[in-house]
Amino acid sequence: MRNKLKMYRTKEGISQEKLSKKVNVSRQTINAIENNKYDPTLSLAFKLAKVFNITVDELFTS
């Protein structure tokens, strides 16, 4: 599953560390998601989308 997490994160000027704290995961998890090495749980996907005030569909594509 591809994602636009890095694009939204850099657009908002949020570091991986800050984002990881907002959604209660490790910075390594954010990095793995951005590099398409890890597909987040549905719960985490919703949390990430909420941070950027977008839908899960806007953040992730199959």
Side-chain angles (χ1 to χ4, degrees):
M1 179 182 326
R2 295 197 175 273
N3 68 77
K4 298 176 185 171
L5 182 58
K6 186 173 184 177
M7 180 192 76
Y8 283 107
R9 184 179 60 74
T10 55
K11 181 180 172 185
E12 295 292 322
I14 300 173
S15 69
Q16 287 182 342
E17 185 70 29
K18 187 174 179 181
L19 179 58
S20 70
K21 288 181 180 177
K22 285 183 178 229
V23 296
N24 201 31
V25 297
S26 71
R27 185 201 57 78
Q28 290 85 351
T29 299
I30 299 298
N31 184 272
I33 294 168
E34 286 185 356
N35 290 298
N36 296 307
K37 294 182 179 178
Y38 174 73
D39 287 335
T41 63
L42 192 55
S43 173
L44 178 53
F46 276 103
K47 287 179 186 177
L48 289 166
K50 186 175 181 178
V51 168
F52 301 108
N53 199 31
I54 58 174
T55 66
V56 172
D57 287 342
E58 289 174 286
L59 188 56
F60 295 94
T61 59
S62 49

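Below, each value reflects all heavy atoms present in this structure, side chains not excepted, and no hydrogens, waters or symmetry copies.
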Between Leu19 and Leu5, does a side chain to side chain contact (heavy atoms under 4.5 Å, CB included) hold up when you go through it step by step? CA-CA 10 Å; Leu19 179 58; Leu5 182 58; 3.8 Å; yes

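- Checked by atom type and distance alone, the side chain of Asn35 pairs as donor or acceptor with a backbone atom of Asn31 at under 3.5 Å.
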Expected list for residues 50-58: side-chain donor-acceptor pairs under 3.5 angstrom, two or more places apart:
from	atom 1	to	atom 2	distance (Å)
Thr55	OG1	Glu58	N	3.1
Thr55	OG1	Glu58	OE1	3.2
Glu58	OE1	Thr55	N	2.8

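- Rounding to the nearest 0.5 Å gives a distance of 8.5 Å between CE of Met7 and CG of Leu59.
- In this structure, OG in Ser26 is found 9.0 Å from CD in Glu17, a value given to the nearest 0.5 Å.
- Counting heavy-atom neighbours within 6.0 Å of Lys47 NZ, excluding the residue itself, gives a total above 12.
- In this view, Asp39 and Met1 satisfy the side chain to side chain contact (heavy atoms under 4.5 Å, CB included) rule, not counting sequence neighbours.
- The line from OH of Tyr38 to CG of Asn3 is 12.5 Å long, rounded to the nearest 0.5 Å.
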Any chance you could lay out the side chain to side chain contact (heavy atoms under 4.5 Å, CB included) test for Thr29 and Val23, step after step, and finish with the verdict? CA-CA 11 Å; Thr29 299; Val23 296; over 6 Å; no

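- Looking at Leu48 and Ile33, their side chains come closer than 4.5 Å, going by heavy atoms from C-beta outward.
- Of the residues Arg27, Arg9, Arg2, the one that meets the salt bridge (Lys or Arg N to Asp or Glu O under 4.0 Å) test with Glu34 is Arg9.
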